[in-house]
There are 2 protein chains.
Amino acid sequence: MTAQKMAVIRALEEAGRTHPTADTVYALAKRHLPSIALGTVYRNLTKMAETGEVIKIAVPDGADRFDMDVSDHMHILCVKCGKIYDIEEKDVKVEISSVPAGAELIRFDVMAKCICADCKAV
Amino acid sequence: MTAQKMAVIRALEEAGRTHPTADTVYALAKRHLPSIALGTVYRNLTKMAETGEVIKIAVPDGADRFDMDVSDHMHILCVKCGKIYDIEEKDVKVEISSVPAGAELIRFDVMAKCICADCKAV
DNA sequence: ACAGAAATAAGAACTATTCCTAAAATAAAA
DNA sequence: TTTTATTTTAGGAATAGTTCTTATTTCTGT
């Protein structure tokens with residue numbers, strides 16, 4: 001546990017449920033540890049994604065997003081503004097009855113797409 | 001319908017169920033229309049994704065993939081080799097009982113992750 | 001045939017991400 | 001505590017994927 005990793009975690013905490021990009025995490029982390037480098041943020045996030053401490057969310061037309069909440073929940077992306085909202089586990093049900101022969105299932109990511117309330121209002 | 005768009009569609013057909021990247025589509029299209037440019041392939045694919053003629057699949061750690069099969073099916077990605085397999089609609093069930101207030105749901109993409117048979121064998 | 005509109009090729013530009021290297025921090029050994 | 005080895009970092013260069021720009025070409029309607 002280095003000071004840099006701590007700054008990254010703190011940044012993720014501050015970002016709350018906004019599903020920040022690596023760049024946003026970098027900006028937030030820099031406030032506490034001005035010397036931190038973007039590459040370091042990427043490395044830590046990538047490593048944390050590998051160990052399951054965070055979730056990395058690939059979105060079409062944009063940078064990857066990160067989520068501290070590794071609980072079993074889903075995401076819904078507004079295709080207009082790009083904001084990502086959470087859908088609680090209890091509100092979504094996924095069942096897969098068949099996977100390609102011999103494959104070992106690791107995890108699901110459900111990415112729904114919507115036009116969010118804010119964007120519909122415009 | 002331009003010759004370029006036709007070449008892109010033909011390339012997608014040839015790619016079959018391999019979920020090609022834009023680059024692969026470009027390479028395939030070039031065989032029939034050597035003058036085609038990568039930018040043109042991107043533009044056509046992007047437009048087709050907007051109109052729903054193809055599906056654009058964002059994958060973590062890699063280029064976007066495209067799928068001619070716009071029927072309601074799901075994808076499963078091997079985290080080792082990056083291959084994407086299909087899961088037929090009948091084999092997966094997704095239910096969402098609640099979306100963020102005021103949001104209009106557009107579509108789902110379920111991206112499961114696995115280690116595929118080929119990679120397990122190694 | 002001609003004017004205007006839409007689509008293209010080519011490559012420059014841009015963004016997100018990874019890689020490289022030397023320096024710094026940390027841990028282990030003496 | 002000094003020395004050595006290991007890990008991690010900052011900084012920036014390099015790369016990959018994608019978009020944008022511009023001049024040119026192709027279509028469309030008259």
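Reminder, nothing fancy here: chain letters follow the sequence lines and each chain counts from 1.
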Q) Should B:E53 and B:K5 be marked as a salt bridge (Lys or Arg N to Asp or Glu O under 4.0 Å) after you check the CA-CA gap, both sets of side-chain angles, and the distance that decides it? A) CA-CA 12 Å; B:E53 290 168 89; B:K5 180 167 178 185; 3.2 Å; yes
Q) Considering only C:dT18, D:dT8, C:dT17, which nucleotide approaches the side chain of A:K47 most closely? A) D:dT8
Q. Quick one: which of D:dT8, D:dT19, C:dT18 gets closest to the side chain of B:D61?
A. C:dT18
Q.
Before you tell me yes or no, could you show the steps for B:D61 and A:K56 under salt bridge (Lys or Arg N to Asp or Glu O under 4.0 Å), namely the whole-Å CA-CA distance, both residues' side-chain angles and the distance that decides it to 0.1 Å?
A. CA-CA 10 Å; B:D61 313 311; A:K56 184 183 199 172; 2.8 Å; yes
(Q) Going by the rule side-chain contact (heavy atoms from CB on, under 4.5 Å), which residues pair with B:R43 if we only count those two or more places apart in sequence or in a different chain? (A) B:T40
Q) Which is it for A:H19 and A:I57 under the side chain to side chain contact (heavy atoms under 4.5 Å, CB included) test, yes or no, and what are the steps along the way? A) CA-CA 9 Å; A:H19 309 88; A:I57 312 166; 4.0 Å; yes
Q) In the hydrophobic cluster built from side-chain contacts under 4.5 Å, what are the other members alongside B:V25? A) B:M1, B:M6, B:V8, B:I9, B:L12, B:Y26, B:L33, B:I36, B:L38, B:V41, B:Y42, B:L45, B:M48, B:V54, B:F66, B:M68
Q. What integer distance in Å separates A:R65:CZ from C:dT15:C1'?
A. 15 Å
Q | Set of ring-ring contact (aromatic ring centres under 6.0 Å, His included) partners for A:H73, sequence neighbours left out | A | A:H75
Q: Show your working on salt bridge (Lys or Arg N to Asp or Glu O under 4.0 Å) between B:K80 and B:D118 and close with a plain yes or no.
A: CA-CA 10 Å; B:K80 279 218 162 176; B:D118 293 356; over 6 Å; no
Q. If we only count heavy atoms from C-beta on, is the A:R107 to A:I55 side-chain gap below 4.5 Å?
A. yes
Q | Residues within residues 25-45 of chain A bordering DNA chain D, heavy-atom distance below 4.0 Å | A | A:S35, A:I36, A:A37, A:T40, A:R43, A:N44
Taking only N/O atoms, report every protein-nucleotides 24-29 of chain D pair under 3.5 Å with atom names and distance.
none

Q.
Need one value for B:D23: base, sugar-phosphate or nothing, where a base atom within 4.0 Å counts as base even if backbone is also close, heavy atoms only.
A. nothing
**Q.** For the student: nearest non-hydrogen atoms of A:L77 and A:P60, plus distance
**A.** CD2-CD, 4.1 Å
Q. Between A:D69 and A:S71, does any side-chain donor sit less than 3.5 Å from a side-chain acceptor?
A. yes
Q. Counting only non-hydrogen atoms, which of residues 3-10 of chain A are less than 4.0 Å from DNA chain C?
A. none
